Amino acid sequence: MNAITTAPLRKYQHPALQGLTEKALAAVYHAGLARTLAPQEWLFRAGEAVVADILVLEGSAGIYRQNSTTAFALQLFAGDCVPAALLQQDGYYTHDCLATQPLKVLLLESTACSQLDDHTQLLLHKNLLPAAGRLLSQLHRPVHAQAQTAAVDAAAVGAAMAARQEPYMQATALQTMLANLPRLPPYTTKLTGLMNDPKASTRNIVEIARQDPSLTASVLKTVNSAYFGLKHKIKDFQHAVMMLGFTQMQQLLINTGVQSTMPDAPEFRQLQAHSMMISVLCSEISLTLKIGSAPMLSTLGILHDIGKSIVLLLRRQNPKQDFLLSLMDPDMVGMLLLREWQIPENISEVLQYQSYPELLPPDSVPAMHRENIAVLYLAHRCLERLRNLQAETPTECPCRPWLAKLGCRELTLDDFLFGRLVQSIHSRASPLPLVMQDLLKKAQNFESRAQPKEEQPDQPKEMLTPP
């Protein structure tokens, strides 16, 4: 029998319960089980089956990495939670949890919680995600001077992602909304199929584009607009393809397809402009470091924020459900939509991990997606830095481990951006969007001013004049 009632539960103000109405709170209470533990009583032990998310309502507890109180990992306090998908492998706990003060917790078992309405499930899910991230980030911090960074088991992370997906996969109303959205034009699906084909060439793009005369006209309009700032007008589509090359033309065509599914409104144009900038940087990072597929990473850049656009669109289309829709995780919505659009998995499945690098090290992402997430994250950090050149960047920054994953272990963000990426981009002759050209020009000027002038040795003037 539950040891607490709904009214006292409200007083705890646990972050996972924020935003719940009295009715929803009562439903969560009836779905869960409250437990009270005395100090030195085990909440769970390594090897026990995992059955529920745990909300710490009162008191404190210690998490231990082994079956021993000497291998301390972190302390839990009121307001913390232990999601069922973490600290476990194959459904069994890998850690111990011991009450250090009188402890009161609420156990939310997944089967019971699945009976809650979609609104309540999504709100709980949204509230639990930050807590899960904090717990993981704390596990990666040293607990004393000699402690080493804790490794998060890949199976636990995979289970965490499965749990994160579950409320979205079971929300039939969301599935119906996504199924009723406009689909990408057929040529876009064909183009995404080319990104994994090493034999694909500009000829394939020309053949696909010629099946839709309106598409070629749209591309020529963009190529000749202020977007590229070309000095001479391009009149022939094939000429435009040859000038831009395979990756940029594919990028432009896919972006045109995505734009056709969205309203022509400022907020959507802003999201798409950001995605195009990230797309350019993703492909340039790929070419600079000679890793991955530039066309694939370019496509990932275009589509990475599609979830934000879709949530915005759904809120417009369903004003009566605005609050519910505002609670959705755009990354999960984007992943589900790309699945619906039958976009290859090396694009669609990546979206759910793109927020990881801000909190977690590379090993927290499945190996098959790790490199792509590293490039996408690095593109964002580079764009942020290019837009804020006057700001100082720390020698140690969150992207350092992710740079190492791309083979740049000894480089800081500035080392990579100014010493490698900007120089590499300028060595290529292919045109870039005008806004990117401006950012790179400012970066070059900034770097040249930042470089200390070398003192020239005393020698005759004629020796200083180049031949």
Side-chain angles (χ1 to χ4, degrees), residues 181-197 199-266 268-284 286-287 293-306 309 338 341-344 347 379 425 428-440:
L181 287 173
R183 300 188 71 84
L184 287 174
Y187 70 80
T188 311
T189 306
K190 293 179 181 177
L191 285 167
T192 56
L194 290 178
M195 68 187 185
N196 294 318
D197 184 358
K199 297 181 180 179
S201 66
T202 54
R203 193 172 94 179
N204 299 112
I205 289 182
V206 172
E207 291 172 354
I208 291 173
R210 280 180 174 169
Q211 297 172 15
D212 187 345
S214 64
L215 174 61
T216 59
S218 177
V219 168
L220 286 174
K221 181 180 178 181
T222 303
V223 170
N224 289 309
S225 70
Y227 181 73
F228 280 103
L230 300 178
K231 295 181 180 179
H232 304 288
K233 188 174 182 179
I234 305 298
K235 299 180 179 180
D236 178 70
F237 179 76
Q238 189 156 356
H239 181 195
V241 174
M242 296 303 295
M243 179 188 70
L244 293 179
F246 179 87
T247 299
Q248 277 209 77
M249 182 52 72
Q250 184 200 43
Q251 175 191 91
L252 194 57
L253 291 171
I254 293 176
N255 184 63
T256 301
V258 172
Q259 283 181 328
S260 71
T261 67
M262 300 295 159
D264 185 16
F268 291 95
R269 290 197 295 269
Q270 184 177 5
L271 281 169
Q272 206 58 29
H274 165 79
S275 295
M276 281 295 284
M277 296 281 282
I278 294 299
S279 176
V280 170
L281 286 170
C282 281
S283 61
E284 293 296 339
S286 172
L287 293 170
S293 162
M296 191 280 295
L297 287 163
S298 172
T299 304
L300 175 60
I302 292 172
L303 297 175
H304 81 282
D305 265 352
I306 190 69
S309 294
L338 295 188
W341 282 351
Q342 298 183 340
I343 300 298
I347 296 292
I425 292 174
R428 288 188 284 276
S430 57
L432 291 174
L434 198 58
V435 63
M436 182 60 72
Q437 295 179 38
D438 290 342
L439 285 176
L440 293 172

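Computed from a prediction, not measured in an experiment: that's the story for all the values here.
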Return the [atom1] to [atom2] distance between [X] and [Y], rounded to the nearest 0.5 Å.
X: Y187; Y: D212; atom1: OH; atom2: CG; value: 6.5 Å
X: Q259; Y: D264; atom1: CD; atom2: CG; value: 8.0 Å
X: I278; Y: D305; atom1: CD1; atom2: CG; value: 8.0 Å

Could you tell me whether the side chain of H274 and the main chain of L271 form a donor-acceptor pair under 3.5 Å?
no

Look at the side chain of S286 and the backbone N and O of C282, then say whether any donor-acceptor pair between them is shorter than 3.5 Å.
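No.
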
Specify the closest pair of heavy atoms between [X] and [Y], including all atoms of both residues, with the distance to one decimal.
X: L281; Y: M436; value: CG-CE, 3.8 Å
X: F246; Y: L194; value: CZ-CB, 4.2 Å
X: I302; Y: Q251; value: CD1-O, 3.1 Å

In this structure, is the centre-to-centre distance between the rings of H239 and H232 below 6.0 Å?
no

Please walk me through it: do Q248 and F228 pass side-chain contact (heavy atoms from CB on, under 4.5 Å)?
CA-CA 12 Å; Q248 277 209 77; F228 280 103; 3.6 Å; yes

Scan for salt bridge (Lys or Arg N to Asp or Glu O under 4.0 Å) pairs involving residues 235-253, sequence neighbours excluded, and state none if there are none.
none

Just jot down the side chain to side chain contact (heavy atoms under 4.5 Å, CB included) partners of [X], sequence neighbours excluded, or say none.
X: S260; answer: P185
X: Q211; answer: K190
X: A273; answer: none
X: E207; answer: R203, N204

Heavy-atom count check: over 12 atoms from other residues, nucleotides or ligands less than 6.0 Å from Q342 CD?
no

The single option from I205, V206, I254 that satisfies side-chain contact (heavy atoms from CB on, under 4.5 Å) with M249 is I205

Begin from the C-alpha positions of L253 and Q250 and carry the test side-chain contact (heavy atoms from CB on, under 4.5 Å) through to its verdict.
CA-CA 5 Å; L253 291 171; Q250 184 200 43; 5.8 Å; no

Which pairs of donor and acceptor atoms, one on a side chain in residues 219-227, lie under 3.5 Å apart (sequence neighbours left out)?
unit_1: T222; atom_1: OG1; unit_2: S218; atom_2: O; d: 3.1
unit_1: N224; atom_1: OD1; unit_2: I234; atom_2: N; d: 2.7
unit_1: N224; atom_1: ND2; unit_2: L220; atom_2: O; d: 3.0
unit_1: N224; atom_1: ND2; unit_2: I234; atom_2: O; d: 2.8
unit_1: S225; atom_1: OG; unit_2: T222; atom_2: O; d: 2.6
unit_1: S225; atom_1: OG; unit_2: Y227; atom_2: N; d: 3.2

Please evaluate residues V258 and F268 with respect to the criterion side-chain contact (heavy atoms from CB on, under 4.5 Å), reporting the C-alpha separation (whole Å), side-chain torsions for both, the decisive distance (0.1 Å), and the verdict.
CA-CA 11 Å; V258 172; F268 291 95; over 6 Å; no

Determine whether the side chains of S298 and S279 contain a donor N or O and an acceptor N or O closer than 3.5 Å.
yes

Please evaluate residues I306 and M262 with respect to the criterion side-chain contact (heavy atoms from CB on, under 4.5 Å), reporting the C-alpha separation (whole Å), side-chain torsions for both, the decisive distance (0.1 Å), and the verdict.
CA-CA 10 Å; I306 190 69; M262 300 295 159; 3.8 Å; yes

